[in-house]
Amino acid sequence: MYCLVVFSPSSKTRLTLRDMGRFSQETLFHRLARAVCRAGCLPRKELYEAWEVARRVRRHFRGGRVVDMGAGHGLLAHVMLLLDDSSPEAMIVDRAIPASSATLHQALAETWPRLSGRIGSVSGAFDALALQATDVVVSSHACGAATDRVLELAVSARARVAVLPCCHDLADAGARALSGWVDGPLAIDLARAIRLQQQGYRVWTQSIPAAVTPKNRLLLGRPPSGA
């Protein structure tokens, strides 16, 4: 008997040249996936997460400088520019940006030369880069309190923001107060959405496919004067 091997989008296995044949179409996603395969440095789930988050964010937020916090290799920042070329540039911010992020950028810029010179990086704390009100701040799976820091900085700048949280701190007082009704991680994300509303933000609560990640709640917010 043969065992059917499922190509799971949630796998942490790196995409490499061996996977190129899985992405044979000329759609934007397949072209993106082939570039990621050529780079050979990203887990499969990061490709699918970045794509699903960016698609949903761009339905609401156009233009502006993209700031990808907790960016890792910065794939989300690149996809945001591919989906809306009216953004002049993107910045990736993380405490330690992997050296292979340059390999990823090169592979993407070879396919889309217009990306060259439009991606900057800052190694350091999230507040190492001053935010602007016209920015679109994004963060995919910034761990625990790091997501709250992203939201805090975006609100302070009155910038548009989208976060895909993970690693919830269940010792949070708000989570404990609601634990009789909803599970702890959901309670924390509900509190985040409410805090954004209290700051005058218009809020959207969405999700990316659970097949990509079980931590799939996407929170988006736009200030009253947001672009």
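None of the values given here were measured: they were computed from a predicted structure.
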Path from [X] to [Y] over hydrophobic side-chain contacts below 4.5 Å:
X: Ile119; Y: Val79; value: yes
X: Leu151; Y: Leu76; value: no
X: Leu75; Y: Leu164; value: yes
X: Val203; Y: Val161; value: yes
X: Val138; Y: Val212; value: yes

Minimum heavy-atom separation for [X] and [Y], please, with both atom names.
X: Pro88; Y: Gly64; result: CD-O, 3.7 Å
X: Ala157; Y: Leu131; result: CB-CB, 3.7 Å
X: Tyr201; Y: Val155; result: OH-CA, 3.4 Å

Atom [atom1] of residue position [X] - does it have more than 12 heavy atoms of other residues, nucleotides or ligands inside 6.0 Å?
X: Arg95; atom1: CZ; result: no
X: Arg114; atom1: CZ; result: yes
X: Arg14; atom1: CZ; result: no

Euclidean distance, [Y] [atom2] relative to [X] [atom1], rounded to 0.5 Å:
X: Ser87; Y: Leu81; atom1: OG; atom2: CG; value: 6.0 Å
X: Arg34; Y: Ser24; atom1: CZ; atom2: OG; value: 7.5 Å
X: Leu82; Y: Leu115; atom1: CG; atom2: CG; value: 5.0 Å
X: Ile92; Y: Ser121; atom1: CD1; atom2: OG; value: 5.0 Å
X: Arg149; Y: Glu152; atom1: CZ; atom2: CD; value: 4.5 Å

Would you say the side-chain atoms of [X] pair up with the backbone N or O of [Y], donor to acceptor, closer than 3.5 Å?
X: Thr27; Y: His30; value: yes
X: Asp94; Y: Ile97; value: no
X: Arg217; Y: Val163; value: no
X: Asp84; Y: Gly63; value: yes

When you look at Arg38 and Thr111, which way does the side-chain hydrogen bond (donor to acceptor under 3.5 Å, both in side chains) test go after all the steps? CA-CA 11 Å; Arg38 286 193 295 272; Thr111 303; 2.7 Å; yes
Sub-4.5 Å side-chain heavy-atom contact between Leu153 and Met69: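 Yes - at least one pair of side-chain heavy atoms lies under 4.5 Å apart.
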Hey, is Lys45 close enough to Glu52 for a salt bridge, meaning N to O under 4.0 Å?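 Looking at Lys45 and Glu52, the cut-off is not met.
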Report the C-alpha separation of Lys215 and Asp189 in whole Å, then their side-chain angles, then the decisive distance to 0.1 Å, and conclude whether the salt bridge (charged side-chain N to carboxylate O under 4.0 Å, His left out) test is met. CA-CA 11 Å; Lys215 299 171 182 176; Asp189 290 340; over 6 Å; no
Applying salt bridge (charged side-chain N to carboxylate O under 4.0 Å, His left out), which residue pairs with at least one partner in residues 129-144 are found, sequence neighbours left out?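 Non-adjacent pairs meeting salt bridge (charged side-chain N to carboxylate O under 4.0 Å, His left out): Arg65-Asp135.
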Tell me whether the rings of Trp204 and Phe61 are parallel (<30°), tilted (30 to 60°) or perpendicular (>60°). perpendicular
Look at the rings of Phe29 and Phe23 and say which category their plane angle falls in: under 30° parallel, 30 to 60° tilted, over 60° perpendicular.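 Answer is perpendicular, since the angle exceeds 60°.
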Please name the residue in the list Gln206, Arg202, Arg160 that meets the side-chain hydrogen bond (donor to acceptor under 3.5 Å, both in side chains) test with His60. Gln206
